Amino acid sequence: MMAPSEYPGQLPGPEPSPDSPDDLLIHKAVGACWHPVRLAGSRRTVDARTGEIIAPAGTAETAVTRVRCGNRRSRVCRPCSTIYKYDAYHLVASGLRGGKGVPATVATAPRLFVTLTAPSFGPVHLGPGKGGRLRTCHSSRRDGLACGKVHIPQDPAISAPLDADSYDYAGQVLFNAHAGALWSRFTTEVRRALAEAGGISRSRLREHALVSFAKVAEFQGRGVVHFHAVIRLDGPDGPGSEAAPWASTSMLDAAVHAAVARTWVATPSAKGCPARHLAWGAQIDVRTVAANDVADGLSDAAVARYVAKYATKSAESAGLELPPLYCRSCTGTGRAGDRWCRLCHGHGMREGGRVLRDAALTSHARRLVENCWQLGGVAGLERLKLRRWAHMLGFRGHFATVSRSFSTTFGALRAERAAFTELVEHAGSPPSQEAEQVEIVTGWRYAGRGEALPVVGGRL
């Protein structure tokens, strides 16, 4: 595989601003997709009045074309991830200051930027502190574990356990697997705490206020997920309407802290892996989102950029760059009915585990993957699908999600961009009466990845 710097689509210099009014310029700026998808098919020109095929399949309109891979991960395809990042930016920004169909009055609604972290599963080596300031790593501890070194940036020891043998690898994998459920329980507890503060029942909160969220998941260096979220409080009619007078920013802040303290989930009980309660860690950050850049809190633009930055990342911050490991034929069990799976020879992993053996992983990341795979084979933990998601250390949730009422959707943003691009391509060419009487019907099928094959007389 080519190194990122060798791709012709590598971005030269700084990236264009996501606030650019011209989406077509963004497309040109991000360059060609690193891993385009080839599609083979045809375009049929059909008379809209009679349904008669004017240019049937098998003519010169049969083609092989390329489309972007659409991968959101910057390490896989930077051009496509840049477009995804811009969409994530507008998704959050429109929910904070309006636009894309969202009223501008949302800028005056109570809004918080919340960071929820995972608990400790054992002491890890410390890197530089805030602002890049170097610090001594655990010079002394009551449990006798210590390091005493100063780790510079990029030191592979950073975020690795001080003592791998006593580190709770199983607990960390289970936390990743339950992170989505923990977030869902947290949103419920926020609404419950707000209703209690307002002196109403949980079922009647919708008549006074509506809570909406936008969150992004981030892997810490130790390989555990935590969340950054924007929480907004609207009126009962959704964005643009005012919440009840008692539903203030300070009350929302108190409700978030109360919800963090209340939220927990129980893991399944299995042989050799007893049930445990999982909750958020002690490091919780709650900050007010200001309506402009000069206010004391975070600005809406800064929050939107921060969330969009992490929307294009995955587990690479934990030193993990793996494809799915499980065999799709047997779903990682190694069995096909009453026989061993012929595809993986009963191993359960793709290519007999060669991908994992050959991967350049830190010892910490490797032990996390191995623990995730082992727990996936324990009776009673099947519903967690740990083997299917071992390459993500057990986390199987979406990295960027929003409530339906928060703002627009990724699909709407893509449709808007496609309509804008088509408008620009046909600028200066007024539609003719003949063009209005025909429809273009296309049919495409997957034909591989990479450069499109040249087609004589075809449409590329």
Side-chain angles (χ1 to χ4, degrees), residues 11 14-23 25-27 29-30 72-74 78-116 183 187 210-219 225-234 238-240 249 252-253 256 285-314 317 397-417 420:
L11 285 174
E15 298 176 358
S17 169
D19 287 315
S20 171
D22 193 340
D23 283 342
L25 293 180
I26 292 178
H27 272 284
V30 298
R72 66 168 187 83
R73 294 173 59 190
S74 57
R78 191 179 178 193
C80 288
S81 72
T82 300
I83 296 176
Y84 184 91
K85 180 165 65 175
Y86 292 161
D87 284 349
Y89 172 86
H90 287 296
L91 195 72
V92 177
S94 61
L96 291 174
R97 64 189 183 195
K100 306 296 182 182
V102 181
T105 50
V106 295
T108 60
R111 303 169 302 168
L112 298 177
F113 182 61
V114 180
T115 298
L116 304 173
W183 167 260
T187 60
L210 176 65
V211 186
S212 56
F213 305 85
K215 75 165 175 65
V216 63
E218 178 195 359
F219 267 97
V225 166
H226 69 279
F227 295 119
H228 303 287
V230 178
I231 305 178
R232 192 184 69 215
L233 200 55
D234 297 315
T249 301
L252 180 60
D253 186 296
V256 168
D285 184 41
V286 182
R287 303 177 65 181
T288 301
V289 180
N292 53 67
D293 291 335
V294 298
D296 294 335
L298 290 171
S299 69
D300 48 22
V303 171
R305 291 192 183 99
Y306 191 84
V307 172
K309 178 179 69 172
Y310 288 107
T312 61
K313 297 184 182 297
S314 186
S317 57
H398 293 285
F399 275 82
T401 57
V402 296
S403 304
R404 291 184 178 180
S405 60
F406 185 80
S407 63
T408 183
T409 64
F410 281 109
L413 291 173
R414 287 191 291 267
E416 180 182 357
R417 184 166 54 249
F420 177 82

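Everything quoted here is computed from the prediction, not taken from an experiment. Numbering of residues begins at 1 and proceeds along the displayed sequence.
In this structure, K215 NZ and T187 OG1 are separated by 10.0 Å, a value rounded to the nearest 0.5 Å. Once rounded to the nearest 0.5 Å, the distance linking OG of S81 with OH of Y86 reads 9.5 Å. Considering OG1 of T115 and NE2 of H228, their distance stands at 5.0 Å, rounded to 0.5 Å. Considering CG of L112 and CZ of R287, their distance stands at 11.5 Å, rounded to 0.5 Å. Here CG of D234 is found 8.5 Å from OG1 of T105. Values are rounded to the nearest 0.5 Å. Between the NZ atom in K309 and the CD atom in E218 there is a gap of 7.5 Å [rounded to 0.5 Å].
Between R417 and I83, the closest side-chain pair of non-hydrogen atoms falls below 4.5 Å. The side-chain heavy atoms of F410 and L91, taken from C-beta on, include a pair separated by under 4.5 Å. With a 4.5 Å cut-off on side-chain heavy atoms, R97 and V106 do not count as touching. V230 has its side chain within reach of V303: a pair of non-hydrogen atoms, C-beta onward, lies under 4.5 Å apart. In this structure, T288 and L298 have side chains that are not in contact, with every pair of non-hydrogen atoms separated by 4.5 Å or more.
A donor-acceptor contact shorter than 3.5 Å links the side chain of R111 to the backbone of L96. When atom types are taken as modelled, the side chain of S403 and the backbone of F406 share no donor-acceptor pair closer than 3.5 angstrom.
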_Residue pair K100, L413: steps toward the side chain to side chain contact (heavy atoms under 4.5 Å, CB included) verdict_ = CA-CA 8 Å; K100 306 296 182 182; L413 291 173; 4.0 Å; yes
*Derivation and outcome, side chain to side chain contact (heavy atoms under 4.5 Å, CB included), residues V92 and S407*: CA-CA 7 Å; V92 177; S407 63; over 6 Å; no
_Assess the residue pair V211 and I231 against the criterion (side chain to side chain contact (heavy atoms under 4.5 Å, CB included)); give the C-alpha distance rounded to whole Å, side-chain angles, the decisive distance to 0.1 Å, and a yes or no._
CA-CA 7 Å; V211 186; I231 305 178; 3.8 Å; yes
*Going through the checks in order, is the side chain to side chain contact (heavy atoms under 4.5 Å, CB included) test met by F113 and V307?*
CA-CA 10 Å; F113 182 61; V307 172; 4.0 Å; yes
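Between S405 and R232, the shortest heavy-atom contact is O-NH2, 3.1 Å. The minimum heavy-atom distance between H398 and A217, with the atom names listed, is O-CB, 4.4 Å. A pairwise comparison of heavy atoms in A109 and L233 identifies CB-O, 3.4 Å as the closest pair. The nearest pair of heavy atoms linking P239 to P103 is O-CG, 3.7 Å. For the residue pair L252 and P110, the shortest heavy atom distance occurs at CD2-O, 4.0 Å.
By the ring-ring contact (aromatic ring centres under 6.0 Å, His included) test, F213 pairs with W183, sequence neighbours left out.
For T312 and K85, the side-chain atoms include no donor-acceptor pair closer than 3.5 Å.
Stacking of R305 on the aromatic ring of Y89 is not recorded, the 6.0 Å distance cut-off and the 45° axial limit not both being met.
Taking the six-membered ring wherever Trp is involved, the centroid distance between the rings of F399 and Y310 does not fall below 6.0 Å.
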